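Lettering of chains follows the sequences in order, A, B, ..., and the numbering in each one begins at 1. Because the structure is predicted, anything quoted here is derived from the model rather than measured.
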Amino acid sequence: MTRFSAFSLFAKALSGHQDWPEQWPDAAPKPAYDAIIVGGGGHGLGAAYYLAKKYGITNVAVLEKGWIGGGNTGRNTTIIRSNYLYDESAHLYDHAVKLWDGLSQELNYNIMYSKRGVMMLAHNVHDVQSLQRHINANRLNGVDNEWLTPEQAKAYCPPLNIAPDARHPVLGAALQRRGGTARHDSVAWGYARAAAALGVDIIQNCAVTGIRRGADGAVEGVETTRGYIASKRVGVSAAGNTSIIMQMAGLDFPLESYPLQALVSEPIKPTFPCVVMSNTVHAYMSQSDKGELVIGAGTDQYVSYSQRGALHIVEHTLAAICEIFPIYRRMRMLRTWGGIVDVTPDRSPILGKTPVKGLYVNCGWGTGGFKATPGAGDLLAYTMAKDEPHKINAPFNLDRFRNGRLIDEAAAAAVAH
Amino acid sequence: MILIHCPYCDEKRPEIEFANAGQAHIARPIDPSGESDADWETYLFIRANPRGRHHERWRHVHGCGRFFNAVRDTVTDKFETTYKAGEPRR
């Protein structure tokens with residue numbers, strides 16, 4: 001593996017950047033591995049990396065049915081934050097935010113983590129009370145979050161319309177300064193490259209078609225479109241397709257899969273310095289380093305695997321954007337796309353063991369999985385290596401839907417989760 | 001936007017007139033206090049979430065206001081059929 005540095009960049013510049021080697025080999029599946037990760041998105045690649053790096057299991061394969069980072073990792077709006085209400089959630093998401101720090105150095109790959117701040121707007125009295133409750137809860141958990149007046153919010157994000165007679169008046173905002181964005185493709189590529197350097201096989205175009213179990217019920221391996229691969233440890237990190245994979249092991253999951261849409265505008269000069277979210281009118285936006293406004297829309301109301309959504313969902317979000325940020329009213333949108341998100345009844349993820357021995361799961365991140373990428377990868381790796389959950393992900397078990405100990409972020413985080 | 005046939009109004013109308021009401025043909029427990037935790041988990045939380053043919057409920061909110069059932073393919077989003085509530089599963 002070529003180590004990236006200012007010197008290597010300079011040296012390759014002399015030859016016109018024509019002779020960079022491939023960043024990781026396109027591996028073919030071996031007959032058996034110590035651990036298999038199903039799903040080559042950020043979470044799965046992260047899990048493989050941490051298995052090799054922190055937990056000493058290097059004979060690992062990542063199986064991806066399409067191409068690396070071609071699912072939700074390449075389809076999200078790249079927002080990072082940890083301002084969740086409940087203790088369990090705050091610890092889980094903040095674990096990830098702490099890992100985002102320094103990840104570029106650790107992976108020797110620029111993931112462009114930018115702590116530009118995530119600001120959540122309050123448009124009515126209920127929003128004010130709810131966001132202030134979040135701020136207090138977050139601070140008690142050691143997660144930074146602070147209250148801004150409308151004027152302070154405007155100073156932090158100048159395009160914001162804080163006129164008292166606005167369609168969606170701004171009564172204040174909650175700001176998490178450590179929140180921000182990262183370059184989503186780089187996260188997948190950086191983890192893939194670093195994991196491959198430690199001996200992990202990254203296998204693309206390899207869909208799992210079955211899970212083989214022994215007489216005692218434990219996992220023995222997976223059937224794939226590229227043949228049978230044996231492994232006594234299988235971690236499933238397949239986002240919207242988790243229900244389908246789990247049914248191969250005879251497990252019915254509390255998940256429903258919905259299309260979630262996002263869109264980008266034509267690129268413009270830097271005008272938008274942070275991330276702004278409005279849960280109440282359902283709009284959130286940031287500006288990429290390429291200059292595009294990156295806008296997140298909502299989910300469709302029906303279960304679907306189509307990877308595209310309806311236009312009226314986008315129209316609803318853009319109507320809100322035009323009211324909150326009037327200077328963008330004449331912007332043109334360039335591209336819109338959809339990803340399939342797996343949503344749990346309590347809007348919190350499921351991360352841990354399953355009733356099948358040797359089968360582990362990381363799913364249910366719904367509409368907000370990108371921010372958790374390093375944390376989810378690390379905790380899935382821990383759980384697979386030790387055969388028991390870390391204390392951070394222990395509450396996010398599958399049993400909570402039976403014993404009723406839900407972590408109900410549905411009410412706490414509203415729509416923009 | 002998809003067009004949905006309401007079996008009561010007998011008309012194809014745009015999706016924004018309707019609200020999806022989740023998986024169809026989930027029977028409420030007849031004897032709630034006699035149900036086990038596992039039964040409650042299945043009733044409340046476990047969902048089919050198929051890739052392909054899916055039975056679901058819709059409500060014609062901005063029309064007749066009534067609930068009905070539908071069969072839709074979750075990959076193409078195409079409706080196979082819609083039928084009135086109470087009719088057998090298709």
Show the numbers, then the answer: is there a side chain to side chain contact (heavy atoms under 4.5 Å, CB included) between B/Ile4 and B/Phe68?
CA-CA 11 Å; B/Ile4 303 172; B/Phe68 59 90; 3.9 Å; yes
Highest number of heavy-atom pairs under 4.5 Å with chain B: which of A/Leu311, A/Thr344, A/Ile244?
A/Ile244
Taking C-beta and beyond as the side chain, do A/Val341 and A/Thr299 meet within less than 4.5 Å on heavy atoms?
yes
Considering only heavy atoms, which portion of A/Gln307 lies under 4.5 Å from any heavy atom of chain B: side chain, backbone, both, or neither?
neither
Among A/Ala310, A/Ser306, A/Gly404, residue most engaged with chain B (heavy-atom pairs, under 4.5 Å)
A/Ser306
Could you walk me through whether A/Arg405 and A/Glu88 pass salt bridge (Lys or Arg N to Asp or Glu O under 4.0 Å), step by step?
CA-CA 12 Å; A/Arg405 209 183 181 300; A/Glu88 297 89 343; 3.3 Å; yes
Would you kindly check if the NZ (Lys) or CZ (Arg) of A/Arg212 is within the cone defined by 45 degrees around the ring axis of A/Tyr228 and under 6.0 Å from the six-membered ring centre?
yes
Below 4.5 Å from any heavy atom of chain B, which atoms of A/Phe253 appear? Answer side chain, backbone, both or neither.
backbone
Angle class for the A/Trp365/A/His43 ring planes (parallel below 30°, perpendicular above 60°, tilted otherwise)?
perpendicular
Can you tell me which portion of B/Leu44 sits under 4.5 Å from chain A's heavy atoms? Options are side chain, backbone, both or neither.
neither
Evaluate the ring planes of B/Trp58 and A/Tyr302, with Trp represented by its six-membered ring, and classify them as parallel (under 30°), tilted (30 to 60°) or perpendicular (over 60°).
tilted
Between A/Leu406 and chain B, with a heavy-atom cut-off of 4.5 Å, which part of the residue counts as in contact: side chain, backbone, both or neither?
side chain
Pick one: which of A/Gln301, A/Gln261, A/His282 meets side-chain contact (heavy atoms from CB on, under 4.5 Å) with A/Ile313?
A/Gln261
Does any backbone or side-chain atom of B/Ala19 lie under 4.5 Å from a heavy atom of chain A? Answer side chain, backbone, both or neither.
both
Do any of residues 72-86 of chain B have a heavy atom less than 4.5 Å from a heavy atom of chain A, and if so, which, in residue order?
B/Arg72, B/Thr74, B/Val75, B/Thr76, B/Asp77
Do A/Ser257 and B/Asn49 pair up side chain to side chain, a donor and an acceptor below 3.5 Å, judged on atom types alone?
yes
Chain A contact via B/Ile16 - which portion, at a heavy-atom distance below 4.5 Å:
side chain
One thing to verify: whether A/Arg400 and A/Asp346 come together as a salt bridge, which I'm taking to mean a side-chain N less than 4.0 angstrom from a carboxylate O.
yes
Per-residue contact mode, A/Asp342 against chain B (heavy atom under 4.5 angstrom):
neither
Salt-bridge test for B/Glu41 and A/Arg402: reply yes if a basic N is under 4.0 Å from a carboxylate O, no otherwise.
yes
